[in-house]
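Below is one structure; the comments refer to it alone.
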Amino acid sequence: MTAELVRGQNHVLPDARLEIRVSAGEPVLAGAVLVDSTGSTRGTDWIAHPGAPQLPGLEVPRQAAVNHRLAVDLEALPEDAVQVRVLLALPQGVGGPLSFASLAAPFLAVTSLEGAELASYTIIGLGSESAVIAVELYRRGESWKVRAVGQGYAEGLAALLHDQGLPESAELASGIHAAIAGAMARSVPAPPPRQTAPVGGEPASNGALGPDGTGHPQPGTAGSQSGAPGPGPAASTPHGGVNYQHPGRRATAPPPPPPTAPAPEPGRPAQPVAGDAAGWSMNERLYNQVWGMFEDLARTTAAHRSAVDFADSRMEQELDKVLSDPATRSGPAAEAAREAARAKHTDLLNRAREVLDRDLAQLVEESRVVEPALPPEFARWDNPVWHAYQVPMEIPMALRLGDLSLPERTDLRVPMLTRLPLERGLWIDSGHTGRASAELDSDELRRRAGELATALAGRLLAVYPAGEFSVQVIDAAGSNAATLAPLTTSGVLKQPPASGAGGVGETLAGLTKRVDLVQMAVRSRALDSLPPDLDTAEQLLIVHDFPHGFDDRAITQLRYLADEGPAVGVHLLLVADREEASAYGPLLDPLWRALLRVTPVPDDHLIDPWVGHQWTYEPPLVPANSQILPQVLNSVAEARRRYGR
């Protein structure tokens with residue numbers, strides 16, 4: 001049976017060798033982009049287009065046409081390719097339409113080589129766009145799926161290619177349009193057979209490794225994230241051991257294949273396996289798997305909401321049609337037509353809900369398998385992995401900042417991961433911002449915000465090697481001693497929390513000086529000239545009850561640290577109620593915008609720019625009466641003493 005997809009919906013592909021058939025009302029050009037596990041393409045040699053129509057496992061048409069057939073062999077793709085994004089674009093400069101607004105909705109069908117239609121997608125809702133990513137084929141575990149995307153670009157093919165991570169997108173798009181306009185699309189010989197990596201050598205590759213980056217916003221991300229780095233030599237620290245970039249990972253052979261589950265019984269979904277995504281280590285696989293779960297939840301929910309909107313719109317149109325004619329506005333026939341419209345609406349909603357429940361149930365099962373397998377940096381505080389905690393020897397690739405969920409299935413929570421080192425500071429909003437916070441008084445909200453700040457600081461201290469991360473605290477009024485107790489009693493703080501105007505000024509002056517010195521040393525490539533007593537470890541400054549105790553000079557220094565600090569390893573964590581800071585007017589607006597806002601109670605304030613969902617954020621608070629945070633911090637302090645750091 002053919003799966004008729006709507007935007008965001010996916011479907012399993014049973015065959016590796018496929019055809020993708022395209023039908024449009026006017027001639028369009030078709031192409032495809034290969035994408036690796038980081039969400040990026042490796043360069044122009046990973047793009048099939050009319051000027052270069054063949055890649056390993058992929059062939060696209062050489063000219064613009066009303067109908068197209070693209071050939072795909074998923075087993076013959078480059079080993080690093082985990083996605084195939086199929087794109088359509090209107091030829092420019094040949095007198096045709098300038099956008100899809102005047103065209104019939106493009107139609108795509110994925111078929112087997114025998115012609116059996118497996119899935120189809122009609123791209124509706126296009127207007128001023130002249131290029132569109134139509135569908136994508138992507139690998140999930142050992143199987144491949146097709147997903148309906150329909151992401152259009154009003155700026156055209158160049159903007160689409162630029163969004164895939166190609167700096168030379170304008171030149172490439174111009175060349176493609178020129179080839180189409182002049183009927184000069186060239187033919188290239190078939191590439192040689194795919195080579196395997198030599199024993200002990202680097203994996204074979206058709207091009208240079210692309211930059212890190214997922215191409216999608218991270219939850220919370222809700223914030224910008226970067227993807228897993230490709231294979232390459234280990235990162236070096238030629239300037240005295242100060243390196244605030246993510247440590248590289250040396251790879252001398254292709255990564256081992258991810259674990260696979262036993263073949264499912266006919267008619268039953270495959271059983272999820274922890275770590276079934278691509279990656280060079282188990283932690284990297286789990287990171288990519290969590291991102292896959294986030295994508296699936298976002299798109300599955302988007303597909304359901306789109307289906308509901310379609311059902312509502314269709315019923316309204318049918319009811320309007322009945323009411324528009326006075327002759328059919330009343331009577332038995334009109335009532336029958338209205339009942340038929342409502343019945344059709346109910347049937348569409350039920351079918352959409354069945355698909356949603358099926359997909360969400362599969363994600364729930366995957367979450368139940370993945371959650372217990374997560375390492376400490378990705379795990380909740382109640383995960384048993386913390387009871388076997390040991391201070392790590394390397395900086396991890398990411399850190400869990402909480403959980404994300406959507407109202408369609410509130411018990412399905414996806415870890416909110418952010419890459420390390422932090423690229424943005426954090427702001428814990430201690431004000432009344434939503435329904436959950438409205439049920440608490442101000443003192444309780446401030447207490448929970450303080451506990452969250454300590455929990456996040458403790459998590460950062462726990463995942464860095466001994467002595468490579470330090471925490472400083474400003475508690476101007478001295479009112480947060482209780483929530484800071486795990487940090488102060490364990491001995492992980494090198495100095496007590498700063499209080500009063502003098503303590504605030506001294507702490508900010510010291511960190512500002514550190515940023516200035518490291519910036520100058522990095523720019524002059526003279527890190528060996530840094531003062532021997534300068535702490536080159538990454539720094540986190542926790543500021544409680546901001547802006548109480550801050551004058552204009554202190555606020556200017558804080559803004560400087562927020563802007564310039566992350567690049568040289570100085571990060572901010574503010575605990576503040578923005579309403580209480582309103583007296584400063586727009587002076588603080590740039591500071592708030594520079595920070596990622598989180599809340600001490602669940603709140604639906606995070607909106608991703610990818611599909612536009614409003615995600616509910618759940619903070620990573622330590623369970624009540626749990627001693628796991630003090631135990632972990634005691635281990636960190638003991639490791640520092642042992643290594644003299």
Side-chain angles (χ1 to χ4, degrees), residues 2-13 20 22 33 35 39 82-88 100 105-110 118-127 129 131-140 143-153 160 163-164 214-219 221-222 269 289-314 348-364 366-367 404-410 412 414 606-616:
T2 302
E4 298 181 3
L5 305 179
V6 297
R7 181 174 296 177
Q9 201 168 14
N10 60 63
H11 184 69
V12 176
L13 296 174
I20 300 176
V22 179
V33 178
V35 177
V82 299
Q83 285 186 19
V84 181
R85 296 175 181 169
V86 177
L87 61 92
L88 306 177
F100 284 102
F107 173 82
L108 292 91
V110 181
L118 306 174
S120 64
Y121 174 42
T122 301
I123 310 176
I124 61 175
L126 294 178
E129 298 90 343
V132 60
I133 297 178
V135 298
E136 66 182 16
L137 315 180
Y138 66 102
R139 188 163 58 203
R140 279 288 269 157
S143 62
W144 283 81
K145 294 184 177 182
V146 58
R147 179 186 288 127
V149 180
Q151 180 180 351
Y153 293 82
L160 185 153
D163 206 27
Q164 312 309 305
T214 63
H216 302 301
Q218 283 286 355
T221 196
Q289 186 171 14
V290 167
W291 268 100
M293 293 166 59
F294 173 78
E295 290 183 0
D296 284 351
L297 176 57
R299 284 176 160 149
T300 294
T301 305
H304 176 258
R305 294 178 182 178
S306 177
V308 170
D309 291 342
F310 172 77
D312 293 343
S313 175
R314 182 170 179 172
L348 289 174
L349 292 183
N350 290 339
R351 288 163 56 188
R353 188 70 209 190
E354 288 177 3
V355 173
L356 176 68
D357 290 343
R358 179 201 66 198
D359 292 344
L360 292 184
Q362 183 69 14
L363 282 172
V364 168
E366 186 170 12
S367 178
L404 297 171
S405 64
L406 292 171
E408 280 76 5
R409 186 75 186 257
T410 56
L412 175 57
V414 178
L606 293 174
I607 300 177
D608 69 78
W610 178 33
V611 289
H613 289 327
Q614 194 165 345
W615 294 84
T616 295

- Side chain Q164, main chain L160, donor-acceptor under 3.5 Å: yes
- State whether the number of non-hydrogen atoms from other residues, nucleotides or ligands found under 6.0 Å of R351 atom CZ is greater than 12. no
- E136/R299 salt bridge by N-O under 4.0 Å criterion: yes
- Task: For the pair V290 and V414, evaluate side chain to side chain contact (heavy atoms under 4.5 Å, CB included) and give the outcome as yes or no after the intermediate values.
- Result: CA-CA 7 Å; V290 167; V414 178; 4.1 Å; yes
- Item | T410 vs T616, side chain to side chain contact (heavy atoms under 4.5 Å, CB included): CA-CA, chis, key distance, verdict | CA-CA 9 Å; T410 56; T616 295; over 6 Å; no
- State plainly whether the residues R140 and E295 are in salt-bridge range, i.e. N to O under 4.0 Å. no
- Task: Working to the nearest 0.5 Å, report the span between CH2 of W144 and NE2 of H11.
- Result: 16.0 Å
- Between atom CZ of R147 and atom CG of D296, what is the distance when rounded to the nearest 0.5 Å? 5.5 Å
- Query: Does the side chain to side chain contact (heavy atoms under 4.5 Å, CB included) test come out yes or no for I20 and V146, once each step is laid out?
  - Reply: CA-CA 11 Å; I20 300 176; V146 58; over 6 Å; no
- Query: Under 4.5 Å between any side-chain heavy atoms of N10 and L5, yes or no?
  - Reply: no
- Query: So which heavy atom on I123 is nearest to which on G150, and how close?
  - Reply: CG2-CA, 4.1 Å
- Which heavy atom of G612 sits nearest a heavy atom of I607, and at what distance? O-CG2, 3.9 Å
- Over all atoms of both residues, closest heavy-atom pair of A148 and V6: CB-O, 3.4 Å
- Query: Does the T301 side chain pair with the main chain of L297, one donor and one acceptor, at a distance under 3.5 Å?
  - Reply: yes
- Task: Please say whether more than 12 non-hydrogen atoms of neighbouring residues, nucleotides or ligands are located less than 6.0 Å from CD in Q614.
- Result: yes
- Over all heavy atoms of both residues, which pair between E408 and R353 is shortest? Give the atoms and the distance, please. O-NH2, 3.6 Å
- Task: Please report the C-alpha distance between R314 and L348 in whole Å, then the side-chain angles of each, then the deciding distance to 0.1 Å, and finally whether the side chain to side chain contact (heavy atoms under 4.5 Å, CB included) criterion is met.
- Result: CA-CA 10 Å; R314 182 170 179 172; L348 289 174; 4.1 Å; yes
- Task: With R358 as reference, evaluate L356, V355, L360 under the side chain to side chain contact (heavy atoms under 4.5 Å, CB included) test and give the passing residue.
- Result: V355
- CD1-CD distance between I133 and Q151, expressed to the nearest 0.5 angstrom: 5.0 Å
- One should read off an interatomic distance between Y153 OH and D163 CG, to the nearest 0.5 angstrom, of 3.5 Å
- Is E129 reaching over with its side chain to a backbone N or O of G127, donor-acceptor style, under 3.5 angstrom? yes
- Pairwise distance CZ(R409) to OG1(T300) - rounded to 0.5 angstrom: 12.5 Å
- Task: Output the distance between atom CZ (R305) and atom CZ (R7), rounded to the nearest 0.5 Å.
- Result: 15.0 Å
- Query: What are the two closest heavy atoms between Y121 and A134, and how far apart are they?
  - Reply: CE2-O, 3.4 Å
- Message: Whether the side chain of S313 engages the backbone of D309 through a donor-acceptor N/O pair (distance < 3.5 Å, no angle test) should be reported.
- Response: no
- Note on the structure: Note: W615 and L404 closest approach over all heavy atoms is CE3-CB, 3.8 Å
